[in-house]
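Below is one structure, written out as structure tokens, with a few remarks after it.
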2 protein chains.
Amino acid sequence: MSTSSRFAVAVHVLTLMAWADEEPLKSEQVAESVNTNAVVIRRMLCELAESNLVVSQTGSMGGSKLARLPEKITLLDIYQAVESRGVFSLHRHPPNPDCPVGVNIGSVLNDVLDEVDSAVERVLANMTLRDVVSRLQPCTGATNSKSARVTANGKRKQVARLQSVSVRN
Amino acid sequence: MSTSSRFAVAVHVLTLMAWADEEPLKSEQVAESVNTNAVVIRRMLCELAESNLVVSQTGSMGGSKLARLPEKITLLDIYQAVESRGVFSLHRHPPNPDCPVGVNIGSVLNDVLDEVDSAVERVLANMTLRDVVSRLQPCTGATNSKSARVTANGKRKQVARLQSVSVRN
DNA sequence: TGGTCTGTAACAAATATAGTTACAGTTGGC
DNA sequence: GCCAACTGTAACTATATTTGTTACAGACCA
């Protein structure tokens, strides 16, 4: 479905900043960890800044850091900052309005897809950046996090989630 | 996120067949309602047939119809038949393995994304094709459907879900 | 046997995302 | 003030994915 890795990259970026604590990170540094171009990172940082998740400073000695504590940033905040559309789309071209099904299916589907979106948002709202950091380094403190919730994940997809298309070739 | 309308089209196609009752529909007829090419429909019907949701017959007087009653087909069945991947993807290229965050973020994200996928599947499993048909024509019987559930959908997305990109221009 | 279908291959078009180059503007240190 | 090191952003290319189209082999019924 989704051909976009924007959410994954955004979580990665913000996790780096949570990890770096208050130290501002340069787009080059972040790009190196994400393994992409620094401009891609800067574009994303602009979106994250618009949603007040990071603050950036231009000029020498500049860089970006979190706008608030990791426990105050949910994955839903991140999702909404970088993904514009819901998880499914409707028809590319509108269905035939002369067909009794075609004329009405759109609104029925809209309701269904809104339900799906809400379910996704509920899951993401229940996890914070702090939880992600805690799972990254379980030895570190952060005892009052909700990271246990993450452990309770369901079954695996049949189709393995690959980290890269290059792996497929 | 999703650039694919496959799920929406698949629900539309199967709704037409539920509407047509036992009458087999030709791919041309279906294509006319969906407003697309008949080959696109036939491709999708092949996938739906592989998942045992429809049966098709070749030759003159041929066509496709549901393989079982609409109340025995959930939206999850349809989703799994036509959408191969989960709702989010990971990085296009693997992150830097020399970075403590980069090397571990993939597995943390996988857990999160599995949770999201499960939530989506739970929603879709709770609605059947019969429910969709009921919502399409509220005057018709089908009193024992779960269609009331659909009404309880959450808030609307900020970005309206458009039926067509052409509307944007 | 001919007309009407499906199944499928091969390709073109449209769309979206990611990556790249280039450069204006901001900032801090000297 | 000037230089070096940053961000912000435009313009473009590359890549991937989905959708649409044409063409045709094979199935089936009358």
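What you are looking at is a predicted structure, and each value in this text was computed from that prediction instead of being measured. Throughout, a chain's letter reflects where its sequence line sits, starting with A, and its residues are numbered from 1.
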(request) Would you mind reading off the distance between B:Met44 atom CE and C:dT6 atom P, rounded to a whole angstrom? (result) 16 Å
(request) Go through the side-chain N and O atoms of B:Thr36 and A:His93 and say whether any donor and acceptor fall under 3.5 Å apart. (result) no
(request) May I ask you to verify if any side-chain N or O of A:His93 is less than 4.0 angstrom from the OP1 or OP2 atom of D:dT19? (result) no
(message) Under 4.0 Å, heavy atoms only, any strand: does B:Gln57 hit a base, just the sugar-phosphate, or nothing?
(response) sugar-phosphate
(request) Could you state the atom-to-atom distance from NZ of B:Lys65 to P of C:dC5 in whole Å? (result) 17 Å
(message) Measure CZ/B:Arg42 against P/D:dC24 and give the value in whole Å, please.
(response) 14 Å
(request) For the side chain of A:Arg92, starting at C-beta, report the closest nucleotide among D:dT18, D:dT9, C:dT8. (result) D:dT18
(message) Please tell me whether B:Glu83 and B:Ser4 have a donor and an acceptor in their side chains that are separated by less than 3.5 angstrom.
(response) yes
(message) Tell me which pairs pass ring-ring contact (aromatic ring centres under 6.0 Å, His included) where either residue lies in residues 36-61 of chain B, with sequence neighbours left out.
(response) none
(message) Rounding to an integer number of Å, can you tell me how far A:Glu28 CD sits from D:dA5 C1'?
(response) 11 Å
(request) Examine the side chains of B:Ser27 and B:Arg42 and answer whether a donor and an acceptor come within less than 3.5 Å of each other. (result) yes
(message) Output the rounded distance in Å from CZ (B:Arg43) to C1' (D:dG20).
(response) 7 Å
(request) Give me the residues of residues 30-39 of chain B where at least one heavy atom lies under 4.0 Å from an atom of DNA chain D, by number, or none. (result) B:Thr36, B:Asn37, B:Val39
(message) Applying the side chain to side chain contact (heavy atoms under 4.5 Å, CB included) criterion to B:Ile73, which one of B:Val54, B:Leu53, B:Val11 satisfies it?
(response) B:Leu53
(request) Would you check if A:Leu14 and A:Ile78 make a side-chain contact, meaning some heavy-atom pair closer than 4.5 Å? (result) yes
(message) Within the 3.5 Å criterion, strictly below it, is a donor on B:Ser107 or B:Asn110 matched to an acceptor on the partner's side chain?
(response) no
Between the protein and nucleotides 1-4 of chain C, which nitrogen or oxygen pairs come in under 3.5 angstrom?
from	atom 1	to	atom 2	distance (Å)
C:dT4	O2	B:Ser60	N	2.9

(message) When you measure from the side chain of B:Asp21 to the backbone of B:Glu23, do you find a donor-acceptor pair of N or O atoms at a distance under 3.5 Å?
(response) no
(message) Whether A:Ser27 contacts D:dT7 is assessed here as follows: a side-chain N or O lying under 4.0 Å from the phosphate OP1 or OP2. Is that the case?
(response) yes
(message) Testing the 3.5 Å rule here: is there a donor-acceptor pair between the side chains of A:Asp131 and A:Ser134?
(response) no
(request) State whether A:Ser5 places a side-chain N or O below 4.0 Å from either non-bridging phosphate oxygen (OP1 or OP2) of C:dA18. (result) yes
(request) To the nearest Å, give me how far apart NE2 (B:His91) and C1' (C:dG19) are. (result) 15 Å
(request) Take the protein atom CZ of B:Phe88 and the nucleotide atom C1' of C:dT17, then report the distance between them rounded to whole Å. (result) 15 Å
(request) Find the distance A:Ile41:CD1 to C:dA18:P and express it as a whole number of Å. (result) 11 Å
